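I have placed the structure first, in the form of structure tokens, so that the comments after it can refer back to it.
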Amino acid sequence: MSELDNQLSLAIHGKPTAAVTYNRTASLKKMRFRENVLAYTFLAPSLFLFAIFLFYPILKSVYLSLHSTDPTGQVAAYVGLDNFKELFSSGLFWNGMKVTAMFSLLTVPTSILLALLLAALTHNLRWGKRGFQFAFSLPLVLAVGTSSIIWKFLFHPSLGMLNYFLGLAGVAPIPWLVSPEWALLSVSLMTVWMNLGFNYIILSSGLQGIPDELYESAKIDGAGAVTMFRIITMPLLSPTLFFVVLVSIISAFQSFGQINILTSGGPMDSTSVFVFSIFQESFINFRFGAGSTQALMLFLVILLLTYIQFKWVERKVHYQ
Amino acid sequence: MKKLTAGQAALYIALAIMAVLVLYPVIYTFFMAVMTPAQASAYPPYIVPHSLNLANFIQVFDLVPVGTFVGNTFLVSAIVMIGQLVTASMAAYAFAKMEFKGKALMFSLFVSTMMIPWEVAMIPNYLVIRNLNWLDTYQGLIVPFLATAFGTFLLRQFFLQLPKELFEAAKVDGCGHIRYFLFHVLPLSRPALGTLAVYSFLNMYNSYLWPLLITNSDKMRTVQIGISMLQYQESTSWNLVFAGISIVILPSLLLLVFGLKQLVRGMAAGALKG
């Protein structure tokens, strides 16, 4: 007791209190410092890898886009904005934009609508639900490499199954991958199939998240299927739908594998999407400067598209 | 069970037709894989195989080193998966449970990397890997992918949901950050770690452009590149090509059967962030 009194009285006297608080702040400071060091140690591996394989490359891309390079990839000369001027004047950029935009228009809405329809139809199945879910999400796990090879055979002009089935139905064979009119459509058909799995799974789990009671009470109020879809499903699904649209557009602009395997950008550049054009310029023609210029433009286009969607489309999205 | 109404029957028929259409490329692959060479290149083509030529699955190993392709891909995917789990969980812990200077800045730096299309970094990365003499090596396939912003974000969201009281209690017991991270947070986060594991494994197993750029010997090829190279071989027996494809897609199909739940959860988490 007396000891405690002593301490208390001492504390009132000022000086020792300062020492105690000083000690406490010192150890607190030390703890904070230690936590800072530890936190950055935890971040270090990721930061280090990002720095080398992401941040440095972006800066290097800017640098390369202002230079011409020799076939070994060494910088040959500073050319200012010549790469950009050439990209625009040669029509390469606009052709790439046109093909990529067409490709996105052909694949994104079709794949999402189809997936939405299938997700809605399988949502309330009483039996066989798992089987259908397995079937419709299957393309998700198949890689672009193997899928493209399989489809290349299906598209084969004489031995391919697609033309054979068309023949059975009395339709003349279609020059799927070999005619400039059909090539982009064919690649899009395959891409819709490939993206179906992802879209189906995401939209299915979005539908799962809508409480059944809402439908029950709407039914009691006499709402039909279409009305329920319009006033319950659409608003509540809109965040998921927004996500799917965003991801689909970005991935359409990044498509490469199926193009490279099915058509190699041809015939007559009719399927030369953006990333294929970057690949061709950099790793076939070995013009790293020109390739980097295109890559930077792709970055800007994707950034712009994402910005537009967040700015204009997301306002219509209903978050709970 | 109620009787099936006409409408429901129509629904099931429509769904069954759709399912067959979606599954057809895979069914076709397995059918081709068991045909004889003559059947595989016959015209009119056989819709259903008239034989069960299982020897194809053995012969394909003589045609192309499928074993090496699959082995390479599994090795690379497994190391990347483990690496991503380590780097992402550490970074995620720092963001979720620690206070430090510049946290907001660092976090926005991480999030911003998710906005960068990987193709923009592709050319300089290729040059870096070439300068390191890592072309056609495992390091070249692995190291650029050891960190993941998406994974960090996914795990951070999960770590944030862990109750605060848990950390307070652990602190009272004299448990520091490192021990708390290793012995409390990680074991509790198995579902999220599982999701990231499946996601990153699948991503690596299926990647195409990067392995295409930096591998050029059969010894180093991954599955996707090796298989797609088959189309250039002259005098190829297509039944063998499809036997190879069947072997390659089998792990993915198994993953779909057993890991669908994990995958859905992971992608739903991804959807939430959007």
Side-chain angles (χ1 to χ4, degrees), chain A residues 35-36 38-40 42-43 45-46 49-50 53-54 56-58 60-61 64 73 118 121-122 132 135-138 141-146 148-152 154 158-159 161 164 196 201-202 205 240 242-243 246 254 256-257 261 275 278 282-283 288 291-292 295-296 298-299 302-303 306, chain B residues 11 15 18-19 22-23 25-26 28-29 41 43-45 87-88 90-91 93-94 98-101 106 113 115-117 119-125 127-128 130 144 146-147 152 177 202 205-206 208-209 213 224-225 227-228 230-231 238 245 248-249 252-253 255-256 260 264 267-268 271 274:
Chain A
E35 185 151 337
N36 267 297
L38 196 62
Y40 277 97
F42 271 36
L43 292 182
S46 296
L49 288 162
F50 285 150
F53 295 109
L54 218 52
Y56 164 75
I58 300 287
K60 179 87 184 210
S61 282
L64 283 174
L118 291 174
L121 290 181
T122 49
F132 285 120
F136 297 139
S137 37
L138 178 99
V141 294
L142 296 185
V144 66
T146 37
S148 306
I149 294 292
I150 298 172
W151 277 83
K152 194 157 188 177
L154 293 174
S158 55
L159 295 176
M161 278 298 179
Y164 177 69
L196 184 69
I201 286 189
I202 297 286
S205 58
T240 317
F242 177 67
F243 169 78
L246 194 71
Q254 290 175 289
F256 171 76
I261 293 171
V275 178
I278 298 173
S282 319
F283 298 101
F288 290 109
S292 299
L296 282 177
L298 172 74
F299 183 26
I302 290 183
L303 212 61
T306 312
Chain B
L11 173 66
L15 282 175
M18 276 311 294
V22 172
L23 288 177
V26 179
Y28 173 70
T29 304
S41 51
Y43 192 87
T87 57
M90 283 170 68
Y93 181 85
M98 292 168 108
E99 292 307 322
F100 57 93
K101 275 205 183 89
M106 282 295 148
T113 63
M115 301 283 297
I116 303 172
E119 286 77 11
V120 184
M122 170 175 82
I123 298 166
N125 274 339
L127 297 174
V128 166
R130 201 181 62 178
L146 286 178
T152 306
H177 275 297
L202 203 62
Y205 191 82
N206 291 346
Y208 177 76
L209 183 48
L213 293 182
Q224 300 304 326
I225 311 304
I227 289 297
S228 56
L230 285 179
Q231 61 169 320
W238 301 124
I245 296 178
V248 161
I249 62 178
S252 311
L253 293 183
L255 194 77
L256 184 66
L260 188 61
V264 171
M267 286 187 306

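On a predicted model such as this, the values are computed, not experimentally measured, just so you know. By convention in this document, chain letters (A, B, ...) are assigned in the order of the sequence lines, proteins followed by strands, and residues within each chain are numbered from 1.
Both the backbone and the side chain of Leu38(A) come within less than 4.5 Å of a heavy atom in chain B. Only the side chain of Leu127(B) comes within less than 4.5 Å of a heavy atom in chain A; its backbone stays farther off. Residue contact with chain A, scored on non-hydrogen atoms closer than 4.5 Å, involves the backbone and the side chain of Val22(B) alike. Using a 4.5 Å cut-off between heavy atoms, Leu64(A) contacts chain B through its side chain alone, with no backbone atom that close. With a threshold of 4.5 angstrom between heavy atoms, Leu213(B) approaches chain A through side-chain atoms but not through N, CA, C or O. For chain B, the nearby parts of Ser61(A) are the backbone and the side chain; heavy atoms of each come within less than 4.5 Å. For Leu11(B), the part lying near chain A is the side chain, with the backbone staying farther off; criterion is any non-hydrogen pair under 4.5 Å. For Ser282(A), the part lying under 4.5 angstrom from a heavy atom of chain B is the side chain only. Interface residue Phe256(A): only side-chain heavy atoms are found under 4.5 Å from chain B. With a 4.5 Å cut-off on non-hydrogen atoms, Val120(B) touches chain A through its backbone and its side chain both.
Around CZ of Phe283(A), the count of heavy atoms belonging to other residues, nucleotides or ligands within 6.0 Å exceeds 12.
Rounding to the nearest 0.5 Å gives a distance of 6.5 Å between CD of Glu119(B) and CD1 of Ile278(A). Atom OG1 of residue Thr87(B) and atom CZ of residue Phe42(A) lie 12.5 Å apart, to the nearest 0.5 angstrom. In this structure, CH2 on Trp238(B) lies 9.5 Å from CG on Leu159(A), to the nearest 0.5 angstrom. Ile150(A) contributes atom CD1, which lies 3.0 Å from atom OG1 of Thr29(B) (distance to the nearest 0.5 angstrom). In this structure, the separation between CG on Leu43(A) and CE on Met98(B) is 8.5 Å, given to the nearest 0.5 Å. Atom CG of Leu54(A) is separated from atom CD1 of Ile116(B) by 4.5 Å, given to the nearest 0.5 angstrom.
Interface summary for chain B: among Ser148(A), Ala143(A), Gly145(A), the most heavy-atom pairs under 4.5 angstrom belong to Ala143(A). Per-residue heavy-atom pair counts under 4.5 Å with chain A were compared for Leu253(B), Thr113(B), Val248(B), Ile227(B), and the maximum is reached by Thr113(B). When Met106(B), Met90(B), His177(B) are compared by the number of non-hydrogen pairs under 4.5 Å with chain A, Met90(B) comes out ahead. No other option in Ile302(A), Leu303(A), Val275(A) has as many heavy-atom pairs under 4.5 Å with chain B as Val275(A). Contact tally against chain A (heavy-atom pairs below 4.5 Å) for Ala88(B), Pro124(B), Ser228(B): the top residue is Pro124(B). Ranked by heavy-atom pairs under 4.5 Å with chain A, the list Ala91(B), Ala121(B), Ala94(B), Pro25(B) is led by Pro25(B).
Ala147(B) and Phe50(A) make their closest contact through CB-CE2, 3.9 Å (heavy atoms, listed as atom of the first residue, atom of the second, distance). Between Pro117(B) and Phe299(A), the shortest heavy-atom contact is CD-CD1, 3.3 Å. Contact record, Ser252(B) with Val141(A): CB-O, 3.3 Å, taken as the closest heavy-atom pair.
Remark: Phe53(A) engages no residue in a ring pair (Phe, Tyr, Trp, His ring centres under 6.0 Å) (not counting sequence neighbours). Tyr40(A) is linked by a ring pair (Phe, Tyr, Trp, His ring centres under 6.0 Å) to Phe100(B), counting only residues two or more places apart in sequence or in another chain.
Counting heavy atoms from C-beta on, the side chains of Lys60(A) and Val128(B) never come closer than 4.5 Å.
Screening Leu256(B), Ile245(B), Asn206(B), Val26(B) for a side-chain contact (heavy atoms from CB on, under 4.5 Å) with Leu142(A), the sole residue that qualifies is Val26(B).
One N or O on the side chain of Asn36(A) and one on the backbone of Lys101(B) form a donor-acceptor pair closer than 3.5 Å.
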